[in-house]
Amino acid sequence: QLQLVESGGGLVQPGGSLRLSCEVSGSTLENYAIGWFRQAPGKEREGLSCINSNGGIINNVESVKGRFTISRDNAKNTAYLQMDSLKPEDTAMYYCAATLYYCSVYYKARYDYWGQGTQVTVSS
């Protein structure tokens with residue numbers, strides 16, 4: 001059974017950076033696509049970026065605005081989300097998810113496995 005654990009969230013000042021990690025266990029990351037999502041209170045879960053097993057990346061341009069970068073390290077069974085120039089509106093719970101199929105930043109039902117989330121708070 002595939003399991004995913006996010007880490008790296010916390011409190012950061014506006015303009016700061018965070019690097020989130022998504023560690024996979026129960027199987028190897030190699031054949032899975034990984035998506036990053038976020039959800040703020042009272043809002044729908046929003047897809048940010050995803051990376052396929054071949055390394056191809058799909059971004060939700062409206063959400064990311066060139067500030068977030070997804071990557072993966074199969075040898076470490078870990079995917080990452082580098083977040084720069086953080087804004088208060090980026091405050092949310094951030095989730096990673098995995099699928100054996102081609103990834104999507106819009107179709108959440110494609111993902112069979114989800115982590116428990118890591119909180120990101122951007123505040124001065």
Side-chain angles (χ1 to χ4, degrees):
Q1 179 69 38
L2 193 74
Q3 296 184 9
L4 300 91
V5 178
E6 303 95 336
S7 62
L11 177 64
V12 64
Q13 297 284 333
S17 297
L18 286 173
R19 185 178 178 88
L20 306 183
S21 297
C22 174
E23 185 174 4
V24 170
S25 62
S27 187
T28 59
L29 177 62
E30 182 178 5
N31 293 324
Y32 289 87
I34 297 293
W36 281 99
F37 298 79
R38 68 184 180 188
Q39 187 168 22
K43 296 185 177 180
E44 295 294 316
R45 191 165 298 187
E46 174 187 41
L48 302 172
S49 184
C50 69
I51 184 166
N52 285 301
S53 59
N54 65 1
I57 293 169
I58 300 172
N59 291 316
N60 184 335
V61 176
E62 183 175 345
S63 298
V64 173
K65 301 291 187 182
R67 299 179 295 119
F68 296 177
T69 303
I70 194 170
S71 62
R72 63 190 294 150
D73 187 339
N74 291 339
K76 296 182 178 180
N77 280 343
T78 303
Y80 304 94
L81 185 68
Q82 177 68 41
M83 304 187 296
D84 299 317
S85 301
L86 285 163
K87 305 174 181 179
E89 52 262 45
D90 295 318
T91 296
M93 186 73 73
Y94 283 71
Y95 300 88
C96 64
T99 177
L100 285 170
Y101 303 98
Y102 196 81
C103 76
S104 172
V105 294
Y106 302 109
Y107 186 49
K108 295 187 288 291
R110 182 168 297 173
Y111 295 89
D112 298 309
Y113 308 98
W114 291 82
Q116 295 301 306
T118 184
Q119 179 68 39
V120 172
T121 302
V122 185
S123 177
S124 60

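Because the structure is predicted, anything quoted here is derived from the model rather than measured. When reading the values below, keep in mind they use all heavy atoms of this one structure, side chains included, and skip hydrogens, waters and symmetry mates.
Side-chain atoms of Leu86 and Gln13, non-hydrogen and from C-beta on, never get closer than 4.5 Å to each other. Annotation: side chain of Tyr32 is in contact with side chain of Leu100 (closest heavy-atom distance under 4.5 Å). At least one side-chain heavy atom of Val24 sits less than 4.5 Å from a side-chain heavy atom of Leu2. The shortest distance between side-chain heavy atoms of Tyr111 and Cys50 falls below 4.5 Å. A heavy-atom distance below 4.5 Å is not found between the side chains of Ser53 and Asn31. A heavy-atom distance below 4.5 Å is not found between the side chains of Ser7 and Thr118. Contact check for Val105 versus Leu48: no side-chain heavy atoms found under the 4.5 Å cut-off. Between Leu11 and Ser123, some side-chain heavy-atom pair lies under the 4.5 Å cut-off.
The CD atom of Gln82 sits 5.5 Å away from the CZ atom of Arg19 when rounded to the nearest 0.5 Å. How far CG of Asn60 is from OG of Ser104: 9.5 Å, rounded to the nearest 0.5 Å. Between the CZ atom of Arg38 and the SG atom of Cys96 there is a distance of 15.5 Å, given to the nearest 0.5 Å. Atom CD1 of residue Ile57 and atom OG1 of residue Thr69 lie 7.5 Å apart, to the nearest 0.5 angstrom. Note that the OG1 atom of Thr99 and the NZ atom of Lys108 stand 14.5 Å from one another [nearest 0.5 Å].
Shown are Gln39, Met83, Glu6; of these, the side chain to side chain contact (heavy atoms under 4.5 Å, CB included) with Tyr94 is made only by Met83.
Here the closest non-hydrogen pair linking Asp84 and Ser17 is OD1-OG, 2.8 Å. Considering all non-hydrogen atoms of both residues, Leu4 and Ala98 come closest at CD2-CB, 3.9 Å. Of all the heavy atoms in Asp90 and Arg67, the pair that sits closest is OD2-NH1, 2.8 Å.
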Test log, rule ring-ring contact (aromatic ring centres under 6.0 Å, His included), inputs Phe68 and Trp36 | CA-CA 10 Å; Phe68 296 177; Trp36 281 99; 9.8 Å; no
Which is it for Cys103 and Ile58 under the side chain to side chain contact (heavy atoms under 4.5 Å, CB included) test, yes or no, and what are the steps along the way?
-> CA-CA 8 Å; Cys103 76; Ile58 300 172; 4.2 Å; yes
List the steps and the verdict of side chain to side chain donor-acceptor pair (under 3.5 Å) for Ser49 and Asn59.
-> CA-CA 4 Å; Ser49 184; Asn59 291 316; 2.7 Å; yes
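The hydrophobic cluster containing Trp114 also contains Met93, counting ILVMFWY residues as joined when their side-chain heavy atoms lie under 4.5 angstrom apart, directly or transitively. Under the 4.5 Å side-chain heavy-atom criterion for ILVMFWY residues, a single connected hydrophobic cluster contains both Ile34 and Val120. Neither Tyr95 nor Leu81 shares a network with the other; the hydrophobic side chains, linked directly or stepwise wherever heavy atoms of I, L, V, M, F, W or Y lie under 4.5 Å apart, form separate groups for each. Under a hydrophobic-cluster definition in which Ile, Leu, Val, Met, Phe, Trp and Tyr are linked whenever side-chain heavy atoms come within less than 4.5 Å, directly or via other members, Tyr113 and Ile51 are assigned to the same cluster.
Counting non-hydrogen atoms of other residues, nucleotides and ligands closer than 6.0 Å to CD of Glu44 gives a total of 12 or fewer. Crowding of Glu46 atom CD: a count of heavy atoms from other residues, nucleotides or ligands under 6.0 Å exceeding 12.
No donor-acceptor distance shorter than 3.5 angstrom exists from the side chain of Thr121 to the backbone of Thr91, with no hydrogens or angles considered. Listed for the Arg72 side chain is a donor-acceptor partner under 3.5 Å among the backbone atoms of Asn52.
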